[in-house]
Amino acid sequence: MADQDNATTVNIVTPDGVVYNHHASLIVASAINGDIGIMSNHEPIIAPLKIAEVRVRRPDRPDHEDAIAVNGGFLEFSNDLVSIVANSAERARDIDLRRAKYAKQQAEETIKSATDKHNVDDLDRAQVSLRKAINRINVSEHK
């Protein structure tokens, strides 16, 4: 039986609702200033997140990590509760790999076109889209 006393709760929410809600023995996320690992009784923290994978080690399955593609947002930890609020997030098992690869291809084509036309706004948006697509592809490998 897993030791729930040394666990923290992880909630990942988007405007569409709760994407993830479990206990965790460890959570690793990529903040703007670097990766952070959080375990039970960690000091309170608030951190803006990058477009990156969030990994959660659950106490009921210590040999397995859940992977969630999080597209920015912020993380708050206090009183053994990790709350992540993001514009979008997907668990590895929910990612449509074909759609993610298509989004990557479209973003790469837009980057090339925007670069050729010196369109900075389109280039910036396409680079963000590319990071999101690559993140989803990488996370999907953890199914």
Side-chain angles (χ1 to χ4, degrees), residues 2 4 6-143:
Q4 298 294 319
N6 288 325
T8 189
T9 302
V10 179
N11 288 317
I12 300 176
V13 296
T14 70
D16 294 328
V18 176
V19 172
Y20 188 86
N21 182 14
H22 283 286
H23 290 292
S25 56
L26 172 67
I27 178 171
V28 177
S30 293
I32 298 296
N33 293 327
D35 289 352
I36 52 176
I38 297 174
M39 299 173 73
S40 182
N41 299 314
H42 192 284
E43 288 293 317
I45 186 173
I46 296 176
L49 298 176
K50 293 195 267 184
I51 296 170
E53 173 182 58
V54 171
R55 297 186 327 264
V56 179
R57 185 170 301 148
R58 292 175 33 187
D60 60 337
R61 298 178 66 193
D63 59 333
H64 172 78
E65 286 185 343
D66 289 337
I68 304 98
V70 174
N71 292 318
F74 70 90
L75 173 148
E76 178 184 13
F77 178 80
S78 142
N79 299 319
D80 282 333
L81 172 64
V82 174
S83 296
I84 294 176
V85 179
N87 285 336
S88 65
E90 286 180 274
R91 294 182 69 159
R93 68 182 186 202
D94 298 328
I95 293 172
D96 180 342
L97 184 57
R98 188 176 58 116
R99 195 174 115 232
K101 287 181 176 179
Y102 179 74
K104 178 179 180 278
Q105 177 186 355
Q106 290 298 111
E108 290 170 337
E109 290 172 8
T110 302
I111 287 170
K112 183 178 180 338
S113 173
T115 300
D116 292 345
K117 295 177 183 175
H118 304 290
N119 187 328
V120 177
D121 292 335
D122 283 352
L123 180 61
D124 289 345
R125 282 191 292 275
Q127 288 172 335
V128 170
S129 294
L130 180 60
R131 286 196 302 271
K132 289 179 180 180
I134 290 171
N135 184 37
R136 292 176 68 236
I137 291 167
N138 291 340
V139 169
S140 74
E141 296 171 355
H142 298 283
K143 290 181 185 177

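These numbers come from the heavy atoms of this one structure, side chains and all, not from hydrogens, waters or symmetry mates.
Listed for the S140 side chain is a donor-acceptor partner under 3.5 Å among the backbone atoms of I137. Between the S129 side chain and the R125 main chain, a donor and an acceptor come within less than 3.5 Å of each other. Under the 3.5 Å distance criterion, the side-chain polar atoms of S30 are left unmatched by any main-chain donor or acceptor of D35.
Smallest separation of non-hydrogen atoms from P59 and H23: CD-O, 3.5 Å.
The shortest distance between side-chain heavy atoms of T8 and M39 does not fall below 4.5 Å. At a threshold of 4.5 Å between non-hydrogen side-chain atoms, the residues N138 and I134 count as touching. Counting only heavy atoms from C-beta outward, the side chains of Q106 and E109 approach each other to under 4.5 Å. In this structure, the side chains of I68 and V56 come closer than 4.5 Å at one or more pairs of heavy atoms. V70 places none of its side-chain heavy atoms less than 4.5 Å from the side chain of V19.
If you take CG on D96 and OH on Y102, they are separated by 13.0 Å, rounding to the nearest 0.5 Å.
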Which pairs of donor and acceptor atoms, one on a side chain in residues 81-90, lie under 3.5 Å apart (sequence neighbours left out)?
from: S88; atom 1: OG; to: N71; atom 2: ND2; distance (Å): 2.7
from: E90; atom 1: OE1; to: R136; atom 2: NE; distance (Å): 2.5
from: E90; atom 1: OE1; to: R136; atom 2: NH2; distance (Å): 3.2

I45 and L75: side chain to side chain contact (heavy atoms under 4.5 Å, CB included), yes or no, with the steps? CA-CA 8 Å; I45 186 173; L75 173 148; 4.1 Å; yes
Please test N11 against Y20 for side-chain hydrogen bond (donor to acceptor under 3.5 Å, both in side chains), starting from the C-alpha separation and ending with a verdict. CA-CA 6 Å; N11 288 317; Y20 188 86; over 6 Å; no
Under the salt bridge (charged side-chain N to carboxylate O under 4.0 Å, His left out) criterion, do R55 and D66 qualify, and how do the steps go? CA-CA 6 Å; R55 297 186 327 264; D66 289 337; over 6 Å; no
Steps toward side chain to side chain contact (heavy atoms under 4.5 Å, CB included) verdict (D124, D122): CA-CA 5 Å; D124 289 345; D122 283 352; over 6 Å; no
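Residues K104 and E108 are paired through a salt bridge, judged by an N-O separation under 4.0 Å between the basic side chain and the carboxylate.
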